[in-house]
Amino acid sequence: MSATYRDALRAALLYLVLAIVWLQGTGYLLNSFFDNSAQLLRWQLINGYVFVLLSAGLIFLARARLFECLGIGARLRERHADRERLRQAAAVFDCTREGVLVTDRQGLIVHVNRAFMEITGYQVEEVLGQQPNLFKSGHHPPGFYQAMFAALEATGEWSGEIWNRRKSGEIYPQWQTIRVIHDDEGRLSHYVAVFSDISAIKDSEHELKHLAHHDPLTDLPNRLLFSDRAEQALASAQIHKRGCALLMIDLDHFKLINDSLGHNVGDRLLKAVAARLQALFGPGITLARLGGDEFAVLAESCPQLVQAAALAQRILDALKEPFRLDGHQLFINASIGISLFPSDALSAEQLLRNADAALFKAKSSGRNGYALYTEELTAHAQQRVEIAFELRRALEQQELRVFYQPVHDLKSSRLIGVEALVRWQHPQRGLVSPAEFIPIAERTGLIAEIDAWVMQQACRQMCLWQQSGVVLSFVAVNVSSRLFARRELYQQVAQVLHDTGLDPAYLELEVTESAVMDDPEVALEQMHHLRELGIRLAIDDFGTGYSSLLRLKRLPVQKLKIDQGFVAGLPWDEDDAAIVRVIVALARSMGMQVHAEGIEQVEQAAFLLAQECDLGQGYWFGRPVPAQDIDWSNAPVIG
């Protein structure tokens with residue numbers, strides 16, 4: 001018997017007892033007071049009305065007081081609260097964005113919500129009375145469902161990812177929670193499943209995974225994925241006894257395109273290069289972008305060196321055709337380094353390093369070509385790394401030295417200036433050649449720091465010479481392209497002049513022609529700023545950088561330095577002689593001094609003097625030496 005029936009029976013019995021007591025009591029009293037039957041009948045009628053009123057009062061009291069004592073009021077309030085919670089639950093059930101499915105103990109669907117219909121595509125009447133296996137995708141094995149029901153039986157709940165099928169037939173992922181519901185007797189009555197569609201999350205995960213392993217610009221595999229594929233390919237090649245080749249590709253002078261046409265055009269060119277290379281390769285070849293303008297190719301079945309070289313040549317030939325972007329017809333070359341498995345390396349990491357070493361060789365050999373890896377390249381690469389490390393230490397440990405090479409007036413042979421040149425006094429190896437460490441300093445970026453240090457030392461030494469009575473017109477300091485490209489060069493030079501107290505007129509900065517021509521407009525602005533300080537400016541290695549005469553005319557320089565490559569053949573090489581004559585005539589017409597470097601013979605000095613070259617420098621006049629070893633009286637006679 002339910003609680004409601006028990007409460008009703010209890011109230012009815014109470015009313016019955018009260019009614020019997022009232023009727024018996026009032027009947028006895030009325031019979032005692034009235035003998036006349038007419039009066040007795042009238043009072044019995046009045047008694048009936050009074051009983052009705054009392055009954056109504058008792059009903060009111062029963063609801064307000066008495067029933068509360070019996071527990072009925074609390075139960076009524078509880079039922080009211082239950083109904084309110086049921087209404088709220090129904091609203092949540094219908095409005096939630098998660099699908100809800102309820103089955104009875106036999107597993108037949110008895111209720112679904114609106115989100116269920118939106119997610120699955122089924123209507124209510126299509127699923128009521130059906131079993132949930134209607135949505136089964138076939139994606140999971142039987143063991144999956146067995147484990148699910150085992151968990152429900154053991155704990156009463158299961159949560160996990162499950163793939164189901166929509167009405168359209170599409171298979172999609174859900175995150176689902178199933179709970180067992182029991183009745184008041186503790187017996188299983190229903191199953192409730194709550195699920196959400198996680199297709200969007202899966203798509204995001206897939207996209208993130210793709211981005212983690214692919215270059216976002218070209219959609220090619222990135223370094224991480226390429227290394228993984230290379231490891232797998234080498235493992236397979238080792239099992240099947242076949243060879244592989246790894247080609248490292250670097251686009252030549254790509255920075256010029258970025259600087260001149262902008263990064264948008266540069267990015268589009270990279271995409272076009274990637275597309276052209278992809279079209280070039282078939283199955284078994286992986287193309288990846290490792291970063292910047294660097295690509296890599298892995299040929300999984302390339303047993304011979306000849307095949308790898310032929311593949312490299314195909315790549316070079318494919319890039320010869322122009323790329324047409326936004327009305328621009330762009331040409332781009334490439335340098336390629338080749339490393340082979342198993343002859344050159346047995347791991348993907350070593351194969352990449354070896355190909356990079358070969359690439360460096362290809363770029364050093366003039367670019368637009370390919371180079372093969374050799375063991376000597378690894379030795380050179382290791383030596384470059386060691387030198388770079390030791391060079392950083394040399395800056396900190398003050399192992400660098402400044403040597404000075406005299407500059408003479410060719411007409412009088414008098415020493416009128418010096419050029420400051422950096423040398424490295426290594427604690428074990430002694431004096432290291434500049435040809436050995438300067439290129440590495442330029443590649444690592446240390447050259448800018450070295451140049452700044454040399455400038456500081458040279459200006460300080462010039463002040464000491466002036467204080468001791470030595471008369472010099474200038475001290476020349478080389479400025480690398482890295483330092484020259486820095487906006488803070490002006491402040492750096494001004495600070496050095498301020499710290500040392502050197503008159504700016506005695507400082508000459510030498511900038512290579514190629515550094516000026518890399519970005520002529522920026523170079524022009526930089527030079528005008530430096531000239532405002534009052535220093536002298538010279539173009540070093542003139543004749544090697546393809547200067548525009550129009551741009552040269554605009555540069556605020558006072559001197560052109562003839563590259564020693566043109567001086568070496570004088571006076572016998574007719575081409576060198578013709579070039580020197582043109583440079584001297586050009587400088588004269590523009591009001592500039594002419595300074596020849598690399599003079600090693602008296603015949604060279606005599607020829608330059610005959611062409612009215614102003615200044616000369618080289619081993620014939622004097623080698624670079626420490627400041628205290630300069631021979632101030634040396635004035636070689638030019639026959």
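Along the sequence shown, residues carry numbers from 1.
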Just wondering, more than 12 heavy atoms not from [X] lying within 6.0 Å of its [atom1]?
X: Gln398; atom1: CD; answer: no
X: Arg97; atom1: CZ; answer: no
X: Glu349; atom1: CD; answer: no
X: Phe389; atom1: CZ; answer: no
X: Glu449; atom1: CD; answer: no

Donor-acceptor under 3.5 Å ([X] side chain, [Y] main chain):
X: Asn354; Y: Ala357; result: no
X: Arg276; Y: Ala318; result: yes
X: Gln350; Y: Ala348; result: no
X: Gln526; Y: Phe484; result: yes
X: Asp451; Y: Ser480; result: yes

Which atoms form the tightest heavy-atom contact between [X] and [Y], and what is the distance?
X: Leu101; Y: Pro132; result: CD2-CG, 4.2 Å
X: Leu325; Y: Arg268; result: CD1-C, 3.9 Å
X: Ala308; Y: Leu340; result: CB-CD2, 3.8 Å
X: Ala587; Y: Leu560; result: CB-CD1, 3.9 Å
X: Ile119; Y: Gly99; result: CD1-N, 3.9 Å
X: Ala312; Y: Ile336; result: O-CD1, 3.5 Å

Could you measure the distance from the [atom1] atom of [X] to the [atom2] atom of [Y]? Nearest 0.5 Å is fine.
X: Asp293; Y: Asn258; atom1: CG; atom2: CG; result: 8.5 Å
X: Phe281; Y: Leu311; atom1: CZ; atom2: CG; result: 5.5 Å
X: Met527; Y: Leu509; atom1: CE; atom2: CG; result: 9.0 Å
X: Ile583; Y: His595; atom1: CD1; atom2: NE2; result: 13.0 Å
X: Asp267; Y: Leu217; atom1: CG; atom2: CG; result: 5.0 Å
X: Glu419; Y: Glu510; atom1: CD; atom2: CD; result: 4.0 Å

Practice problem: Show your reasoning for whether side-chain contact (heavy atoms from CB on, under 4.5 Å) applies to Phe341 and Leu346. | Solution: CA-CA 6 Å; Phe341 170 87; Leu346 296 176; 4.0 Å; yes
Quiz prompt | Residues Glu508, Lys561; criterion salt bridge (charged side-chain N to carboxylate O under 4.0 Å, His left out); working and verdict | solution = CA-CA 12 Å; Glu508 179 178 287; Lys561 290 189 71 174; 6.0 Å; no
[X]: partners by ring-ring contact (aromatic ring centres under 6.0 Å, His included), with sequence neighbours left out:
X: His529; value: Tyr490
X: His426; value: Trp424
X: His213; value: none

Quiz prompt | Where at least one partner belongs to residues 214-225, residue pairs that pass salt bridge (charged side-chain N to carboxylate O under 4.0 Å, His left out), sequence neighbours excluded | solution =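 Of all non-adjacent pairs touching residues 214-225, those that pass salt bridge (charged side-chain N to carboxylate O under 4.0 Å, His left out) are Asp215-Arg289, Arg223-Glu294.
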Quiz item: What salt bridge (charged side-chain N to carboxylate O under 4.0 Å, His left out) pairs are there with at least one residue in residues 302-323, not counting sequence neighbours?
Solution: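 Sorted pair list: Asp317-Lys320.
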For the residue pair [X] and [Y], confirm or rule out a side-chain donor-acceptor distance under 3.5 Å.
X: Ser335; Y: Asp250; answer: no
X: Ser339; Y: Arg353; answer: no
X: Gln232; Y: Arg229; answer: no
X: Asn113; Y: Glu98; answer: no

Quiz item: Between Phe195 and Phe135, is the gap from one ring center to the other below 6.0 Å?
Solution: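 No, the ring of Phe195 stays outside the 6.0 Å limit from the ring of Phe135, centre to centre.
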Self-check item: Positive for ring pair (Phe, Tyr, Trp, His ring centres under 6.0 Å) with His139, one of Tyr172, Tyr145, Phe144, Trp163
Solution: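 Result for ring pair (Phe, Tyr, Trp, His ring centres under 6.0 Å) with His139: Trp163.
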Quiz item: Mind checking what makes side-chain contact (heavy atoms from CB on, under 4.5 Å) contact with Ala310, not counting sequence neighbours?
Solution: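 For Ala310 there are no side-chain contact (heavy atoms from CB on, under 4.5 Å) partners, ignoring immediate neighbours.
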Exercise. Run the numbers on Gln329 and Arg324 for side-chain contact (heavy atoms from CB on, under 4.5 Å), then give the verdict.
Key: CA-CA 5 Å; Gln329 187 167 289; Arg324 293 175 175 83; 3.3 Å; yes
Quiz item: With side chains defined as the heavy atoms from C-beta onward, is the minimum distance between Tyr370 and Leu247 less than 4.5 Å?
Solution: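 Result no, sub-4.5 Å side-chain heavy-atom pair not found.
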Exercise. Dump the intermediate steps for side-chain contact (heavy atoms from CB on, under 4.5 Å) on Arg393 and Glu399, then the final yes or no.
Key: CA-CA 8 Å; Arg393 188 207 61 203; Glu399 296 174 8; 3.2 Å; yes
